[in-house]
Amino acid sequence: SEEEVASFSSKMKELYKKERKNHPFLTGEEDYGSLALMIKFSSDLDKTYASYISCYDLLKEKVKMPSNARQTTAMILSLDDDSDEEKVNRFVEIYNALKNNKIRFGNDYFIPLLGISALGKVNPDSYVEKIKTISTQLKNQPELKGIFGCKLDKGTRNVYACLLSLNGQ
């Protein structure tokens, strides 16, 4: 309805302004999607935003990662009702398990997808094994040897394997 759209637009503008104030050099158009998710899936936006800030600070303490990836990951983690410490610890376990097994993504923009894995409360060891298996299976798919003339690189394959591995977790 028009009322829902107006409410969403108002919340989006307010949340974006708040975020620009907290992270003026970090926040930009690339954050619209994460902010929209926070608005759509939060029953208490102030609580969710406070969780996001807490998760951001905890991630900064616990794991070395690019600021933009940290920001988006914290936004995703804020959507879960568990304690911020629990959510961040789950993320760090998954992040470290992948790192220790030399499973890398094509670029840092994909790191926040691991936040979804942390929301899914996956077992890091079995998750890593599943990712390895699916990545190998994807590598052997003739359809993915050259999508539109582009070869599916290992990093992107690992991203797809990460998402496919969430099924059934």
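- Here CD1 of I131 is found 4.5 Å from CG of L98. Values are rounded to the nearest 0.5 Å.
- For the pair N100 and V128, the minimum side-chain heavy-atom distance is 4.5 Å or more.
- Atom CG of residue L77 and atom OG1 of residue T48 lie 12.0 Å apart, to the nearest 0.5 angstrom.
- Partners of K62 under the side-chain contact (heavy atoms from CB on, under 4.5 Å) rule, at least two apart in sequence or in another chain, are L58, E85, V88, N89, V92.
- For S126 and E129, the side-chain atoms include no donor-acceptor pair closer than 3.5 Å.
- Not a single side-chain contact (heavy atoms from CB on, under 4.5 Å) links D81 to another residue, sequence neighbours left out.
- A side-chain donor-acceptor contact under 3.5 Å links S51 and K87.
- Residues N140 and L138 fail the side-chain proximity criterion, which asks for heavy atoms closer than 4.5 Å.
- Between the OG atom in S135 and the CD1 atom in I103 there is a gap of 7.5 Å [rounded to 0.5 Å].
- N123 contributes atom CG, which lies 9.0 Å from atom CD1 of I94 (distance to the nearest 0.5 angstrom).
- Taking 4.5 Å as the limit, every side-chain heavy atom of Y49 sits out of range of all side-chain heavy atoms of L45.
- Interatomic distance, CD1 of I116 versus CD1 of I76, reported as 5.0 Å (0.5 Å rounding).
- Within the 4.5 Å cutoff, the side chain of I111 has heavy atoms near those of the F91 side chain.
- For the 3.5 Å distance criterion, the side chains of Y127 and S117 qualify, holding a donor opposite an acceptor.
- A salt bridge is defined here as a Lys NZ or Arg NE, NH1 or NH2 lying under 4.0 Å from an Asp or Glu carboxylate O, and K60 with D57 fails to meet this definition.
- Using a 4.5 Å heavy-atom cutoff, the side chains of Q71 and P112 are not in contact.
- Listed here is the closest heavy atom pair of A161 and S165: O-OG, 2.6 Å.
- Looking at R70, its side chain never comes within 3.5 Å of a backbone N or O of Y56 through a donor-acceptor pair.
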- request: Report the C-alpha separation of R90 and D82 in whole Å, then their side-chain angles, then the decisive distance to 0.1 Å, and conclude whether the side-chain contact (heavy atoms from CB on, under 4.5 Å) test is met.
  value: CA-CA 11 Å; R90 282 195 308 263; D82 288 344; 2.9 Å; yes
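- Counting heavy atoms from C-beta on, the side chains of T73 and M65 come closer than 4.5 Å.
- Judged by distance alone, with hydrogens and angles left aside, the side-chain atoms of N158 form a donor-acceptor pair with the main-chain N or O of R104 at under 3.5 Å.
- Rounded to the nearest 0.5 Å, atoms SG (C55) and CE (M75) are 11.5 Å apart.
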